[in-house]
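Comments concern the structure below.
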Number of protein chains: 2
Amino acid sequence: MNRAPAEEPRWLTDEEQVVWRSFLDATRLLDDHLDRQLQRDAGMPHLYYGLLVVLSETPRRRMRMTELARQAKITRSRLSHAIARLEKNGWVRRENCPSDKRGQFAVLTDAGLEVLRQAAPGHVAAVRQALFDRLTPEQQKSLGEIMQIVAEGLQPKEAGADLPWLR
Amino acid sequence: MNRAPAEEPRWLTDEEQVVWRSFLDATRLLDDHLDRQLQRDAGMPHLYYGLLVVLSETPRRRMRMTELARQAKITRSRLSHAIARLEKNGWVRRENCPSDKRGQFAVLTDAGLEVLRQAAPGHVAAVRQALFDRLTPEQQKSLGEIMQIVAEGLQPKEAGADLPWLR
DNA sequence: CCCCTCTGCTTGAAAGTTAAACAACGTAGG
DNA sequence: CCTACGTTGTTTAACTTTCAAGCAGAGGGG
């Protein structure tokens with residue numbers, strides 16, 4: 001049997017600790033801030049807003065469920081519930097996929113596009129004010145590179161990877 | 001009456017869009033990843049683990065509820081629920097504050113400390129593997145600076161700020 | 001064609017979070 | 001004192017997310 005190696009783990013250094021805490025604090029606060037802003041101004045959480053945005057940028061304002069889950073980095077289950085709620089609001093409707101009878105499209109309705117148009121300016125302003133306006137161009141660039149690396153690291157190309165939208 | 005200015009909002013540039021999407025993707029994936037890791041290895045979500053960590057670093061392994069909420073950047077309501085759950089697990093217990101009869105301390109139990117000890121190595125490893133090991137020292141430094149700025153920007157010192165732990 | 005497996009998506013229950021209201025205590029001013 | 005108001009923490013209900021099945025259609029041998 002495999003005995004656990006029981007080596008002393010590589011704890012975070014003091015500097016790393018500080019970085020990590022700042023990261024947790026910033027993301028928690030930012031998430032909270034944007035969720036609140038959108039709940040107030042658009043009547044939905046940030047994630048749901050993001051789904052509408054993705055749909056709005058798509059050729060016929062529609063996308064297959066799994067693909068939408070992949071873009072949003074969430075599970076299909078979560079997406080199912082979210083779309084159900086957005087459907088109840090009249091902002092999204094479902095359509096069957098002609099080529100695969102199991103498939104569903106989520107389609108952004110006119111009402112959905114309208115809600116987006118209403119909320120977008122306030123939302124961009126909030127994002128700018130909380131993030132971009134506080135950073136130098138170099139920091140913005142650096143942030144982009146870092147986040148790109150982390151995001152890619154967490155969605156490896158290999159088969160069998162534990163990706164939310166495949167759970 | 002104030003007429004809305006209705007100026008064209010400053011939309012995100014293409015570069016900013018890319019940065020912002022990467023940020024959302026990375027944080028969403030990382031959150032999911034660590035939540036899963038801790039749910040599997042410690043039987044609790046990341047946030048709850050963080051509460052135990054904070055308590056463990058405190059003089060007598062205890063902290064007032066509001067102060068704990070402030071450190072964790074969450075609402076007192078959320079904390080109340082979280083502590084109730086951790087209490088049910090036997091990892092935290094509540095104690096009355098002698099000097100203020102409204103006050104409560106959350107106290108880390110021995111069992112709580114033990115669960116932390118068990119889970120900590122795996123958790124550090126996960127954080128390293130997903131974040132620190134992928135970044136150069138310069139990037140780590142930059143990330144720290146950026147996150148510090150964002151976090152501070154979202155918790156202004158002025159009275160009347162909408163901070164989660166004061167809601 | 002049949003069987004088996006895989007894929008796409010949904011469902012219902014449990015767990016976690018939010019928002020609003022509340023009880024109880026502290027505190028400052030009259 | 002005593003009143004008014006702020007603070008501390010909890011509670012309820014509504015909402016969101018997760019987890020574990022589950023169902024129906026696609027796909028690939030035999």
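Proteins get letters first, then strands, A, B, ... in listed order; numbering begins at 1 in each.
Rounded to whole Å, the distance from CG on N89(A) to P on dA14(D) is 17 Å. Following rounding to the nearest Å, W165(B) (CH2) and dT17(C) (C1') show an atom-to-atom distance of 17 Å. Atoms CG (N96(A)) and P (dA26(D)) sit 12 Å apart, rounded to a whole Å. As rounded to whole Å, 8 Å separates atom P of dT17(D) from atom CD1 of I74(A). Across the protein-nucleic acid pair, D35(B) atom CG and dT18(D) atom P stand 8 Å apart, rounded to whole Å. What separates CZ of R78(A) from C1' of dG12(C) is a distance of 18 Å, to the nearest Å. Rounded to whole Å, atom C1' of dC15(D) lies 18 Å from atom CD of E87(A). Look at CG on L51(B): it is 12 Å from P on dG16(C), rounded to the nearest Å.
Taken from CG in L51(A) to CE in M63(A), the straight-line distance is 10.0 Å, to the nearest 0.5 Å.
Annotation: side chain of E114(A) is in contact with side chain of Q118(A) (closest heavy-atom distance under 4.5 Å).
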Under 3.5 Å, N/O pairs linking protein and nucleotides 7-11 of chain C:
from	atom 1	to	atom 2	distance (Å)
dT7(C)	O2	R102(A)	NH1	2.6
dG8(C)	O3'	R64(A)	NH2	3.4
dC9(C)	OP1	R64(A)	NE	2.9
dC9(C)	OP1	Q104(A)	N	3.0
dC9(C)	OP1	Q104(A)	O	3.3
dC9(C)	OP2	T66(A)	N	2.8
dC9(C)	OP2	T66(A)	OG1	2.4
dT10(C)	OP1	R94(A)	NH1	2.2
dT10(C)	OP2	S80(A)	OG	2.4
dT10(C)	OP2	R94(A)	NH1	3.3
dT10(C)	O5'	S80(A)	OG	3.3
dT11(C)	O4	S77(A)	OG	3.0

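The aromatic rings of F132(B) and W20(A) sit perpendicular, their planes meeting at an angle over 60°, well past the 30° parallel limit.
The phosphate of dG16(C) has OP1 or OP2 within less than 4.0 Å of a side-chain N or O from R85(B).
Between the Q140(B) side chain and the V19(A) main chain, no donor and acceptor come within less than 3.5 Å of each other. A donor-acceptor distance shorter than 3.5 angstrom exists from the side chain of T27(A) to the backbone of F23(A), with no hydrogens or angles considered.
With E95(B) as reference, R62(B) is the one residue of R60(B), R61(B), R62(B) to meet the salt bridge (Lys or Arg N to Asp or Glu O under 4.0 Å) rule.
Mapping P45(B) and R36(A) onto DNA chain C via the closest heavy atom, the residue that lands nearer the 5' end is P45(B).
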